[in-house]
Visitor: 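Pasting a structure here, questions to come.
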Amino acid sequence: MIKITLPDKSVREYPEGVTGMGIARSISEGLARNVLSVKVNGEVWDAMRPILQDAEIRLLTWDDEAGKATFWHSSAHLMAEAVELLYPGAKFGIGPDIENGFYYDIDFGTHQISSDDFPKIEEKMLELARDKQSFERQQVSKPEALAYFTNKGDEYKLELISELEDGQISFYKTGHFTDLCRGPHLPDTGMIKAVKLLNIAGAYWRGDEKRKQLTRLYGITFPKQKELTDYLDVLEEARKRDHRKLGKELELFTFSQKVGQGLPLWLPKGAQLRERLENFLKKVQKKAGYQQVMCPHIGNVELYKTSGHYQKYGETSFKPISTPIEGEEFFLKPMNCPHHCEIYKSSPRSYRDLPLRLAEFGTVYRYEQSGELHGLTRVRGFTQDDAHIFCMPDQVKDEFKGVMDIVMLIFKALDFKDFITQISLRDPNNKEKYIGSDENWEKAERAILEVAEERGLNAVVVPGEAAFYGPKMDFMVKDAIGRKWQLGTIQVDYNLPDRFDMEYIGSDNQKHRPVMIHRAPFGSMERFVAVLIEHTSGNFPLWLTPTQATVLPISEKYIAYGKKVVSLLDEMDIRCDLDDRNEKTGKKIRDAELAKIPYMLVVGEKEEGSLTVSVRKHGVGDLGSFSVDAFANMINEEVKRMIN
RNA sequence: GCCGAUGUAGCUCAGCUGGUAGAGCAGCUGACUUGUAAUCAGCUGGUCGGCGGUUCGAAUCCGUCCAUCGGCUCCA
């Protein structure tokens, strides 16, 4: 008998060789039906794999991430099996589970396949699933493994096996399909009830752009049909919120082939919205002791040689701008920090001047690969809400705190309720990868960790993810439909102060090197607006939205009164339009609803007589009659609550 | 940059195997004078992504370039 410890710390005895499934069955039939795999002493195993020694276990179901992973990984095998049956000779790369589903990289050889083939593959997968095929694990020796795939002619698997150690190699057999795999897998394929292939794309073998490109099939599966339907609904909702689509519909921005790829053109409504965001941040920053600066869009190549960016990115940037002077070259600026460093150096600095906080909405240009460009989230010209704080090492902590307060304020004003903080530290085993003294690193890392602690942030700490020049803290928000977006970042930098030979005179009358903090709470205006569009689905907060209200006269007769209402509201700083088209009220309301305008003010005979408006709220309906003043006050109060 | 797909009016989309384009919405004009999600009628609008080629004839077939989309790789 062996002792099995369950998550609730209760200990049960089972015969040696009991399986996770056996344990599940001893607890309840329902659990047995739902168990996907089992965690044994921290390692995920097949539910059917015999447990030979005392162990601490946890039965994994669909509700566990690791359970889902087992489900989707097994689904990748099922898809591979279907593909092998339908396209004999296909060779297989790797087929892992991912956050939402799974993929398999496949070399289809001479077969040309497209998304038109998806239904055929899905059907075959369901057919095989209905057979309730088991996943048979077998331990094989390295020579056996090599022999099997040599015989099959699959060079990808051979490459993978060649890198494995003998004794660590296992195969899994499902029906006629045998795959090299560590496992674990489902008890049988019958648990897979709903199947959907999602995407087809090229993917380099082993992620190396020098190697062959395989065909990657993405798919997702579920234990219940309903769950697949729900998932597809989420995808559909994401499509509806796509900022590229809404940006066009709401007339926020556009692109022109003639202007150039990845160079956004902000339309009046988008520009106003962005300006409002910028002014909001400027106000907050002013209060926090920042000073605005402005810099040109180009800089001499020497500037970037000093910063080190030329050496690293010179080749893949926009080509330098030459001048009539032989050998003189300028670059479009790819970041603002070098310019700001020169501002710091424009005058001798005393410790009394620090911290010096220089802020700029600085537009930068980066030659992103053409295939990388994506709406406003990845562009070649964008504006960072940048600032650089130059301070003494022992001020880092307070400055960090100050920046975090700004980030939190922004999240609150824009209704990002759910966010994740990541702290990236240096790799303790690989300190030579980084620059700066141990003392400074320790001080900075400690400062960041303490600030997170003091602010009660549940930060994820990732050693080894720091930039080579300093530790950083990144913020990821979750949007309204649960997607994660990386936004703001705060980075400590010991590199540039060195490269630019910056100094300040301390209270000891000696020269010292300042520390620099880079920070951008929005990240870039382009990307932030994109995220905001997708988060709000175009229904922007009242303080940001381009048009807060639209006045709808019910007939031509009331246009004059409508104009009067608009001008009254205008005086009270309400952004307001008049719909004086010769249309019925129903049509005007429909169009205003589709344009996502927060308030519609219907005016006719009744209203004209009493200097009132009939208020309809977007997505809600009729709120009844308000005097113009009362309406304006209501709006202004609502705005004040949001950003104060 | 790489693989694959796509590119027809401002927008959404028809256009079979080649015979030089069509709808709805938007826009304009007019009628109606409108009360909480589409009033009616008429009109305008396209070098069918660009350039070459095949053909008597190309939106349709071929080549090439550009852009977009899905991924890969990349992201100071």
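Nothing here was measured: the structure is a model prediction, and the numbers come from that model. Letters A, B, ... are given to chains in the order of the sequence lines, protein chains preceding strands, and every chain is numbered from 1.
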Visitor: What's A/Lys588 touching, base or sugar-phosphate or nothing? Going by heavy atoms closer than 4.0 Å.
Guide: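 Nothing, no nucleic acid heavy atom in range.
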
Visitor: Flag the pair A/Lys68 and A/Asp97 as a salt bridge only when some basic side-chain nitrogen lies within less than 4.0 angstrom of an acidic carboxylate oxygen.
Guide: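 No.
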
Visitor: Applying a 3.5 Å limit to both distances, which nucleotide forms a Watson-Crick or G-U wobble pair with B/C40?
Guide: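 Paired with B/G30.
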
Visitor: Could you list the protein-to-nucleotides 23-28 of chain B atom pairs, N/O on both sides, closer than 3.5 Å?
Guide:
residue, atom, partner, partner atom, Å
B/A26, OP1, A/Lys587, NZ, 2.8

Visitor: Would you call the rings of A/Phe631 and A/Phe626 parallel, tilted or perpendicular, taking 30° and 60° as the class edges?
Guide: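 Aromatic pair A/Phe631/A/Phe626 classed perpendicular.
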
Visitor: What residue pairs, at least two apart or across chains, pass salt bridge (charged side-chain N to carboxylate O under 4.0 Å, His left out) with a residue in residues 604-618 of chain A?
Guide: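 Every pair satisfying salt bridge (charged side-chain N to carboxylate O under 4.0 Å, His left out) with a residue in residues 604-618 of chain A: A/Glu593-A/Arg616.
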
Visitor: Between B/G71, B/U39, B/U36, which nucleotide gets closest to the side-chain atoms of A/Asn199?
Guide: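 It is B/G71.
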
Visitor: Please classify the nucleic acid contact of A/Ser614 as base, sugar-phosphate, or nothing, using heavy-atom distances under 4.0 Å.
Guide: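 Base contact.
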
Visitor: For B/A23, give the paired nucleotide (Watson-Crick: N1-N3 plus N6-O4 or O6-N4; G-U: N1-O2 and O6-N3; both under 3.5 Å), or none.
Guide: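 Across all strands, the one nucleotide that pairs with B/A23 is B/U12.
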
Visitor: Starting at NZ of A/Lys210 and ending at P of B/C72, how long is that distance when rounded to a whole Å?
Guide: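 Atom NZ in A/Lys210 sits about 18 Å away from atom P in B/C72.
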
Visitor: Please confirm whether A/Arg380 makes a cation-pi placement over A/Tyr365, using NZ or CZ under 6.0 Å from the six-membered ring centre and within 45° of the ring normal.
Guide: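 No, A/Arg380 does not sit over the ring of A/Tyr365.
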
Visitor: Looking at A/Trp441 and A/Leu425, would you say the former's side chain and the latter's main chain have a donor-acceptor pair under 3.5 Å?
Guide: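 Between the backbone of A/Leu425 and the side chain of A/Trp441 there is no qualifying donor-acceptor contact (under 3.5 Å).
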
Visitor: Could you tell me whether A/Asp208 and A/Lys210 have a side-chain N and a carboxylate O separated by less than 4.0 Å?
Guide: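 No, no charged N to carboxylate O under 4.0 Å.
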
Visitor: Return the polar atom pairs (N/O with N/O) between nucleotides 66-69 of chain B and the protein under 3.5 Å, or none.
Guide:
residue, atom, partner, partner atom, Å
B/C66, O2', A/Gln257, OE1, 2.9
B/A67, OP1, A/Gln261, OE1, 3.0
B/U68, OP2, A/Gln261, NE2, 2.6
B/C69, OP1, A/Arg244, NH1, 2.9

Visitor: Name the orientation class of the two ring planes belonging to A/Phe331 and A/Tyr304 (parallel below 30°, tilted from 30 to 60°, perpendicular beyond 60°).
Guide: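 Perpendicular: the ring planes of A/Phe331 and A/Tyr304 meet at over 60°.
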
Visitor: For B/G63, give its Watson-Crick or G-U wobble partner with both distances under 3.5 Å, or none.
Guide: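 Across all strands, the one nucleotide that pairs with B/G63 is B/C51.
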
Visitor: Give the rounded distance in Å between these two atoms: CZ of A/Arg590 and C1' of B/U34.
Guide: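 My rounded result for the distance is 18 Å.
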
Visitor: Touch check for A/Glu605, heavy atoms < 4.0 angstrom, all strands: base, sugar-phosphate only, or nothing?
Guide: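 Base contact.
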
Visitor: Assess the side chains of A/Tyr599 and A/His618: does a donor N or O sit below 3.5 Å from an acceptor N or O?
Guide: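 Side chains of A/Tyr599 and A/His618: no pair found under 3.5 Å.
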
Visitor: Look at the side chain of A/Tyr204 and the base of B/G1, then say whether one donor and one acceptor between them are separated by less than 3.5 Å.
Guide: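 Indeed, a donor on one side and an acceptor on the other fall under 3.5 Å apart.
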
Visitor: In terms of ring plane angle, is the pair A/Tyr104 and A/Phe92 parallel, tilted or perpendicular, where the classes change at 30° and 60°?
Guide: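 Perpendicular: the ring planes of A/Tyr104 and A/Phe92 meet at over 60°.
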
Visitor: Of A/Arg216 and A/Ile554, whose nearest nucleotide on RNA chain B comes first from the 5' end?
Guide: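 Closest to the 5' end, via its nearest nucleotide, is A/Ile554.
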
Visitor: Should B/C2 form a Watson-Crick or G-U wobble pair with both distances under 3.5 Å, which nucleotide is its partner?
Guide: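 Answer to the pairing question: B/G71, which forms a Watson-Crick or G-U pair with B/C2.
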
Visitor: For a ring pair (Phe, Tyr, Trp, His ring centres under 6.0 Å) check, start with the C-alpha distance between A/Tyr494 and A/Tyr469, then their side-chain angles and the critical distance, and finish with the verdict.
Guide: CA-CA 6 Å; A/Tyr494 301 109; A/Tyr469 50 76; 9.2 Å; no

Visitor: Give me the ring orientation class for A/Phe222 and A/Tyr231: parallel if the planes are under 30° apart, tilted from 30 to 60°, perpendicular past 60°.
Guide: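 Rings of A/Phe222 and A/Tyr231: tilted, 30 to 60°.
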
Visitor: Strictly under 6.0 Å, is that where the ring centroids of A/Phe522 and A/Phe528 end up?
Guide: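 When the ring centroids of A/Phe522 and A/Phe528 are compared, they turn out to be within the sub-6.0 Å range.
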
Visitor: Please check if the distance between the ring centroids of A/Tyr434 and A/Phe468 is under 6.0 Å.
Guide: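 Aromatic pair excluded; centres sit 6.0 Å or further apart.
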
Visitor: Please work out if A/Gly586 contacts a base, only the sugar-phosphate, or nothing of the nucleic acid, heavy-atom cut-off 4.0 Å.
Guide: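 Result for A/Gly586 = sugar-phosphate.
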
Visitor: Give each protein N/O atom lying under 3.5 Å from an N/O atom of nucleotides 74-76 of chain B, with the pair distance.
Guide:
residue, atom, partner, partner atom, Å
B/C74, O2, A/Arg378, NH2, 2.8
B/C74, N3, A/Glu372, OE1, 3.2
B/C74, N3, A/Arg378, NH1, 3.2
B/C75, N1, A/Arg378, NH2, 3.3
B/C75, O2, A/Arg378, NE, 3.2
B/C75, O2, A/Arg378, NH1, 3.4
B/C75, O2, A/Arg378, NH2, 3.1
B/A76, O4', A/Tyr313, OH, 3.1
B/A76, O2', A/His309, NE2, 3.3

Visitor: Give each protein N/O atom lying under 3.5 Å from an N/O atom of nucleotides 10-17 of chain B, with the pair distance.
Guide:
none

Visitor: Under the salt bridge (charged side-chain N to carboxylate O under 4.0 Å, His left out) rule, what pairs show up with a residue in residues 252-268 of chain A, not counting sequence neighbours?
Guide: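 Qualifying pairs, neighbours excluded: none.
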
